[in-house]
Amino acid sequence: MGAYRLLVNVTVEHDYFSGQLCKNLEFVPSESCAVSLRRAGLLLKSSESGIAVYFDEEKINILRLHAEDDLVLTFKVFSKDNNFFRYTAPGAPPDDAILFFDTQQVTRDAADKQMLHPDAHAAADAWLKLTTDPLPEILERKDYLVKPVFIVRVSITAGAEGLCSENLDAAARKFYIRFTTNQTYWKYYILGDLSKRNVFIADLDNALQFENLGSTLLPGNREAVQLLSSKAIPLHEQPHQRLQLKESTGMGDRILVKRLPNASVEQVHGDLMAGKIEQVSEIYIS
C-alpha cells in the first residue's frame, strides 16, 4: 500500500456560522457511490462541512481504468439541524424538488475558488425536480420520506485535466458550495408594565431602526406594544446586533433593557407585509 493523496474535496460554506463553514451536515454515499469507492480503492473522510476522497498513489492506474468507465461519486447530504432551511437561503425547496450540485458545472469566484453554482451563493436555480435524471437512480424510498437537504455529484475523469491527472494542482481538486443566510424582519412584543411606557428601540451601532406599530392583544388578553425593524436582518448563529429598549420621558431617554435578546431561528413565521409574505422573527419582552 502506498501513500494516500487527495483526489477531490468538497467544502460547504455558510454565512450563518461565525467561522463561515457549515455545521451539522452528514454526507451519505449513494448505494452506487459506496460500491464505486470500494472497487476503486478510495478512502472517504467526511466532516460536518464537507468530504475528502483520497486515492492510493500506487494504484493510480486502477483508478484511471475506473475513471475511463464513467466514475461518478454521489453524496446525499442531510442536516442534523431541523432549522437548516429556516436560516438558509433560498429556503426549503418545493416538495417535488431538491438542491443538486455537480462538479461538472463549475464557476470560479473572485478568489478563484471552484464554486458549484453560477452566483456568489447557492440559489433556487439549483433546485432539481425529483423526477429528473439522475435523481430517481440516486434516491431510495426512505429519501422521499426524509429528503436530503441537497445532493452533490462528483465526476472522476481520466483526461489530462481530470481529477486522475498527477499534474493537477491542489486547488483544482477543491470544490465549494456557499450558502447565504435568510433575512427576517425582527418584531419585538413589549409586554407587562413596559407596554404602558413610551418605549422605543435604540441600536448602539446606529444601523437599525424600529417602527412602533402600536398595541395589540395577544392570547390570554395580554396587551403588547409592537416594535418592527424597518428592514430585514440577516440571521446569524451569533448575532452581533446591540439593541437597547429605552423609554422617552420629559427628562430625557432612560434605558429599560440594557441588551435586548436577538432573533432566534426557533421563532420565525410568515407574515403579510405590504401585500407580500415576509419572514418575521418574533421576540417577546416582559
Side-chain angles (χ1 to χ4, degrees), residues 7-14 16-17 21-40 42-54 66-67 69-106 114-119 121-157 163 175-182 265-266 268 270 279:
L7 177 65
V8 62
N9 178 274
V10 178
T11 300
V12 184
E13 301 175 337
H14 204 307
Y16 175 76
F17 299 100
L21 290 178
C22 200
K23 296 180 180 180
N24 303 312
L25 297 179
E26 182 181 9
F27 290 76
V28 179
S30 67
E31 289 184 343
S32 61
C33 176
V35 172
S36 296
L37 287 168
R38 185 172 64 253
R39 287 178 175 173
L42 300 175
L43 178 64
L44 172 65
K45 289 190 176 181
S46 61
S47 70
E48 63 179 359
S49 60
I51 51 138
V53 179
Y54 297 85
H66 285 281
D69 195 29
D70 296 327
L71 179 57
V72 176
L73 306 177
T74 305
F75 299 89
K76 299 176 287 187
V77 186
F78 298 86
S79 177
K80 298 177 183 177
D81 187 349
N82 292 332
N83 291 316
F84 179 81
F85 281 120
R86 286 192 175 186
Y87 56 74
T88 301
D95 291 340
D96 63 347
I98 196 169
L99 288 168
F100 182 80
F101 304 101
D102 193 329
T103 58
Q104 290 188 318
Q105 299 175 2
V106 170
Q114 298 187 113
M115 311 304 299
L116 299 187
H117 37 81
D119 300 315
H121 300 93
D125 56 10
W127 291 344
L128 191 65
K129 293 280 189 180
L130 298 180
T131 54
T132 303
D133 289 336
L135 293 185
E137 296 180 359
I138 295 170
L139 298 172
E140 302 172 55
R141 179 178 297 180
K142 62 183 179 182
D143 297 325
Y144 292 92
L145 299 175
V146 180
K147 279 199 307 183
V149 291
F150 60 90
I151 289 174
V152 181
R153 183 169 67 174
V154 180
S155 296
I156 311 299
T157 54
L163 292 172
F175 300 88
Y176 297 84
I177 299 167
R178 182 180 300 136
F179 290 104
T180 193
T181 182
N182 267 333
V265 294
E266 302 287 348
V268 178
Q279 294 299 303

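Remember, predicted model here, so these are calculated numbers, not experimental data.
- Shown are Ile138, Ile98, Val77; of these, the side-chain contact (heavy atoms from CB on, under 4.5 Å) with Pro148 is made only by Ile98.
- We find the NZ-NZ distance between Lys23 and Lys80 to be 13.5 Å, quoted to the nearest 0.5 Å.
- For the residue pair Pro136 and Tyr144, the shortest heavy atom distance occurs at CA-OH, 4.2 Å.
- Minimum heavy-atom separation, Phe101 to Ala126: CE2-CB, 3.9 Å.
- The environment of CD in Glu140 is crowded: more than 12 heavy-atom neighbours from other residues, nucleotides or ligands sit within 6.0 Å.
- At least one donor-acceptor pair under 3.5 Å links the side chain of Asp81 to the backbone N or O of Asn83.
- Of all heavy-atom pairs spanning Ala97 and Leu130, the tightest one is N-CG, 3.8 Å.
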Pair Phe150-Ile177, side-chain contact (heavy atoms from CB on, under 4.5 Å): steps then yes or no = CA-CA 11 Å; Phe150 60 90; Ile177 299 167; 3.9 Å; yes

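- His66 places none of its side-chain heavy atoms less than 4.5 Å from the side chain of Asp69.
- Side chains of Val12 and Phe27 form a contact here, defined as non-hydrogen atoms less than 4.5 Å apart.
- Across all their heavy atoms, Ala34 and Pro29 have their closest contact at N-CB, 4.1 Å.
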Start with the C-alpha gap between Thr74 and Ser32, add the side-chain angles, then the distance that decides, and say whether side-chain contact (heavy atoms from CB on, under 4.5 Å) holds.
-> CA-CA 8 Å; Thr74 305; Ser32 61; 5.5 Å; no

side-chain contact (heavy atoms from CB on, under 4.5 Å) evaluation trace for Val268 with Tyr87 | CA-CA 9 Å; Val268 178; Tyr87 56 74; over 6 Å; no

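- For Lys147 against Pro94, the heavy-atom pair with the smallest separation is NZ-O, 3.2 Å.
- Within the 4.5 Å cutoff, no side-chain heavy atoms of Asn182 are placed close to those of Gln279.
- Of the inter-residue distances, the one linking Leu42 atom CG with Tyr54 atom OH reads 12.5 Å to the nearest 0.5 angstrom.
- To the nearest 0.5 Å, the span separating CG on Leu73 from CD1 on Ile156 amounts to 5.0 Å.
- The closest side-chain heavy-atom distance from Asn24 to Phe84 is not below 4.5 Å.
- The closest side-chain heavy-atom distance from Leu116 to Val106 is below 4.5 Å.
- The side-chain hydrogen bond (donor to acceptor under 3.5 Å, both in side chains) test applied to Asp70 returns no partner, not counting sequence neighbours.
- Ile151 CD1 to Phe75 CZ: the interatomic distance, rounded to the nearest 0.5 Å, is 12.0 Å.
- For the atom pair Glu26 CD and Lys76 NZ, the distance stands at 10.5 Å (nearest 0.5 Å).
- A side-chain contact (heavy atoms from CB on, under 4.5 Å) with Leu128 is found for one member of Leu99, Leu135, Asp133 and no other, namely Leu135.
- Annotation for Ala124 and Pro90: closest pair N-CG, 3.6 Å, computed over non-hydrogen atoms.
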Intermediate values then yes/no, side-chain contact (heavy atoms from CB on, under 4.5 Å), Leu37 and Val53 = CA-CA 9 Å; Leu37 287 168; Val53 179; 4.2 Å; yes

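- Aromatic pair Phe85/Phe179: centroids not less than 6.0 angstrom apart.
- To the nearest 0.5 Å, the span separating CD on Glu13 from OG1 on Thr180 amounts to 11.5 Å.
- Asp125 CG: more than 12 foreign heavy atoms inside a 6.0 Å radius.
- Note on residues 88-104: pairs passing side-chain hydrogen bond (donor to acceptor under 3.5 Å, both in side chains), not counting sequence neighbours, are His14-Thr88, Asp96-Lys129, Asp102-Arg153.
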